[in-house]
Amino acid sequence: MNKHTVAVLVNNQFGVLNRVTSMFRRRQFNINSLIVSETESPRFSRMTVVFEGEETTKNQLIDQLYKLPDVHYIKEMCPEESITCELLLIKMKNEAETRSDIRAAADAFDAKTADYTKDAVVLQLTGNSRKVDSFIELMRDYTILEICRTGIIALERGSETILQDEE
Amino acid sequence: MKLSGADIIVRTLIEQGCKTVFGYPGGQILNVYDSLYKYKDELNHVLTAHEQGAAHAADGYARATGKVGVVIATSGPGATNLVTGIATAYLDSVPMVAITGNVPSSQIGTDSFQEIDITGITLPITKHNYFVGSVEELADTIRDAFRLAASGRPGPVLIDVPKDIQIAKCEYVPKEPVTPDPKAPAKDIRITQAAECINSAKRPFVYFGGGLIAGEATEEMVNLAELIDAPIGCSMMGISGVPTNHPRFLGMQGMHGHYACSTAMHNADCIIALGVRFNDRVTGNRAKFARGAKIVHIDIDGAELSKTIPVTHGLRGDVKQTLQKLNSLIEKSEKPLWQKKIEELKQKEEQGSDKREGLTPANALKTLNNHLRPNTPVATDVGQHQMWTAQYVKFENTRRFISSGGLGTMGFGIGAAIGAQMGSGEHTVLVTGDGSFGMCLQEMATAVSHKIPLVILILNNGVLGMVRQWQTLFFEKHYSNTVLDRKTNFVKLAEAFGAKGEAVFTVEELDKALANAFAENGPYLIDCAIDKDEFVLPMLPPGGSMDDIITKIGD
């Protein structure tokens with residue numbers, strides 16, 4: 001089973017998220033991450049969905065999504081041709097014995113300090129999923145209090161846009 | 001001119017060419033019913049006994065006419081009672097618009113009386129649905145629903161209208177009826193590749209389904225079969241798409257398909273599939289299905305191509321236009337060896353056919369055939385009687401076999417038959433079983449009130465025959481909950497509803513009863529006794545292949 005990243009341009013209306021995710025549920029795809037946000041046009045929202053599945057079932061899913069009247073464009077983001085990025089917020093226990101090690105790791109990953117109190121420090125990191133995974137793995141040696149990550153957003157490299165891919 | 005939302009709904013339905021709608025009133029759709037009262041000379045509303053019956057009637061109307069069927073219901077239970085009907089239409093690609101009332105916008109989301117999230121509930125069983133947020137968008141929403149229901153691969157659409165939107169007023173300007181989105185043939189390159197494949201075939205088989213009927217491409221399909229000297233078969237949804245007695249037609253394929261048809265398809269080296277979706281009832285074990293064949297698949301819905309089985313050439317496009325282009329690239333050829341094989345299969349089928357005397361299912365339906373006219377719609381419910389009807393009843397014109405294929409909805413028949421009669425204007429037949437008929441028989445009341453000329457033929461075996469058949473074959477004759485020890489007197493039941501009826505026990509009695517029934521200007525019920533251990537044969541066991549075909553019981 002491969003991981004797929006798909007961008008879906010949909011009508012910016014209530015209920016559309018439900019229609020799209022319902023299609024994933026019906027075909028029993030587990031969604032790894034899903035981001036919905038406004039776009040350059042107030043008409044459209046952009047969903048970026050990461051999910052696992054066989055090639056044929058992925059194609060079937062895309063074909064079925066295209067049949068939804070609220071779906072306008074779908075683009076499969078292949079790793080070589082696209083930039084992907086996600087945001088991590090991680091809350092670490094702030095202790096004298098680990099403070100400098102955590103700081104050093106954060107510096108190495110270019111993570112920023114988003115919040116700092118006597119007992120806890122919140123670090124903020126952006127990058128591809130692998131980088132985020134690695135950083136979390138490093139932090140497991142210390143005391144993680146809470147993690148929140150956004151999941152992937154993706155854009156194609158170069159001047160092409162999802163709008164040009166209309167069939 | 002300023003109109004209320006309720007008036008706009010009714011005026012827009014009239015504007016869209018709607019003549020008959022089916023439905024049931026209730027609290028949150030009262031305003032629409034007040035408008036229906038006002039416009040009753042222009043729009044005929046058929047009151048059913050249950051919303052499910054109304055949904056099936058709208059479905060039957062659409063299947064018989066090709067027009068969009070319309071059903072109206074109130075909020076809450078009215079809306080949920082439509083669900084089975086909408087799902088039935090969805091699985092069989094029937095164009096339908098369902099309009100439901102809902103509680104006033106200010107009460108939405110508060111679990112108020114008879115409030116239900118019907119757009120949420122019907123999301124997976126509609127092509128699309130709408131929750132109308134303002135009276136200004138109401139007329140265009142209805143127009144868009146009609147366009148969408150009839151465009152591409154047809155299907156049901158639901159519009160949920162809160163009560164305050166029905167009361168609010170706004171300007172209404174009539175518009176022309178919408179036209180479905182234009183259809184296009186498949187890409188030329190694909191057609192060329194498919195033509196090469198077909199031209200090199202030695203044992204081609206033309207196979208069609210409901211999409212051929214929806215796409216009105218019978219003539220083009222027959223032309224193709226003539227050009228390449230191929231036999232023709234169909235899925236259950238394809239029945240009536242070509243006259244039953246067409247010399248190339250082998251009948252239905254699949255789990256209970258005709259022996260010659262299923263075997264020919266199994267032996268083909270090229271299957272040209274038109275408006276079908278290779279359902280599991282058709283393919284059996286997918287891995288073993290037509291292993292030696294290349295498959296050319298034409299469908300308006302691209303998502304059907306290679307959905308269940310991989311196809312060699314998938315052509316997304318209008319079946320009629322695509323076939324016209326394709327046929328121009330086909331070299332005419334004769335295939336005597338293949339035809340010889342087909343003749344052998346037909347003979348083998350004939351030899352193995354049920355030749356028993358007496359009131360067998362086959363003889364009952366052959367008797368029915370003698371009373372049918374070319375345009376008689378024949379509706380069914382679901383089960384053994386449905387398969388026998390698919391196997392034995394002869395059709396001449398398209399849109400005359402009205403049956404729930406995809407969802408397999410017991411209780412579909414009587415509502416659908418009423419709708420098909422109203423759409424076609426023809427004396428209509430419902431073939432049903434005592435189990436299926438028991439599910440929605442309250443629509444007898446509708447048939448009586450509206451003097452529907454309807455022959456109801458119950459093949460009464462006192463059991464849930466199809467389930468019993470599976471229990472016999474696969475569950476060691478454990479007849480769990482399939483023996484209907486009910487004592488229902490169907491003739492008295494018909495009389496209680498204000499209809500006529502009679503019970504028959506011989507072919508001669510059935511013949512006379514059918515003559516009486518067709519002479520009646522209203523519903524007429526025939527309770528036809530058959531044996532409880534009749535089987536639908538042949539049978540491909542679920543998940544089996546042609547190697548596992550059962551042609552006789554007790555071998």
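In what follows, chains are A, B, ... by sequence order, proteins preceding strands, each numbered from 1.
- The two residues A/S22 and B/L123 come nearest to each other via the heavy atoms OG-CD2, 3.1 Å.
- By the neighbour-count criterion of 12 heavy atoms within 6.0 Å, atom NZ of B/K320 is densely surrounded, having more than that number from other residues, nucleotides or ligands.
- Around the CD atom of A/E52, the shell of radius 6.0 Å holds more than 12 heavy atoms that belong to other residues, nucleotides or ligands.
- Contact count versus chain A (heavy atoms, under 4.5 Å) is highest, among B/L305, B/D301, B/D144, B/L148, for B/D301.
- Within the model, atoms CD of A/Q13 and CZ of B/F131 stand 13.0 Å from one another, a figure rounded to the nearest 0.5 Å.
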Stepwise, does the side-chain contact (heavy atoms from CB on, under 4.5 Å) test hold for A/D70 with B/H128?
CA-CA 9 Å; A/D70 282 323; B/H128 193 55; 3.3 Å; yes
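- The two residues A/K67 and B/A303 have their closest heavy-atom pair at CD-CB, 3.9 Å.
- Within a 6.0 Å radius of CZ in B/R190, other residues, nucleotides and ligands contribute 12 heavy atoms or fewer.
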With side-chain contact (heavy atoms from CB on, under 4.5 Å) as the criterion, how do B/T308 and A/Q60 come out once you've worked through the C-alpha distance, each side chain's angles and the decisive distance to 0.1 Å?
CA-CA 10 Å; B/T308 60; A/Q60 173 64 206; over 6 Å; no
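- Applying the 6.0 Å contact sphere to CD of A/E81 captures no more than 12 heavy atoms from other residues, nucleotides or ligands.
- Heavy-atom neighbours of A/Q28 CD from other residues, nucleotides or ligands within 6.0 Å: at or below the threshold of 12.
- Within a 6.0 Å sphere centred on NZ of B/K307, other residues, nucleotides and ligands contribute more than 12 heavy atoms.
- Here the closest non-hydrogen pair linking B/P124 and A/R26 is O-NH2, 3.4 Å.
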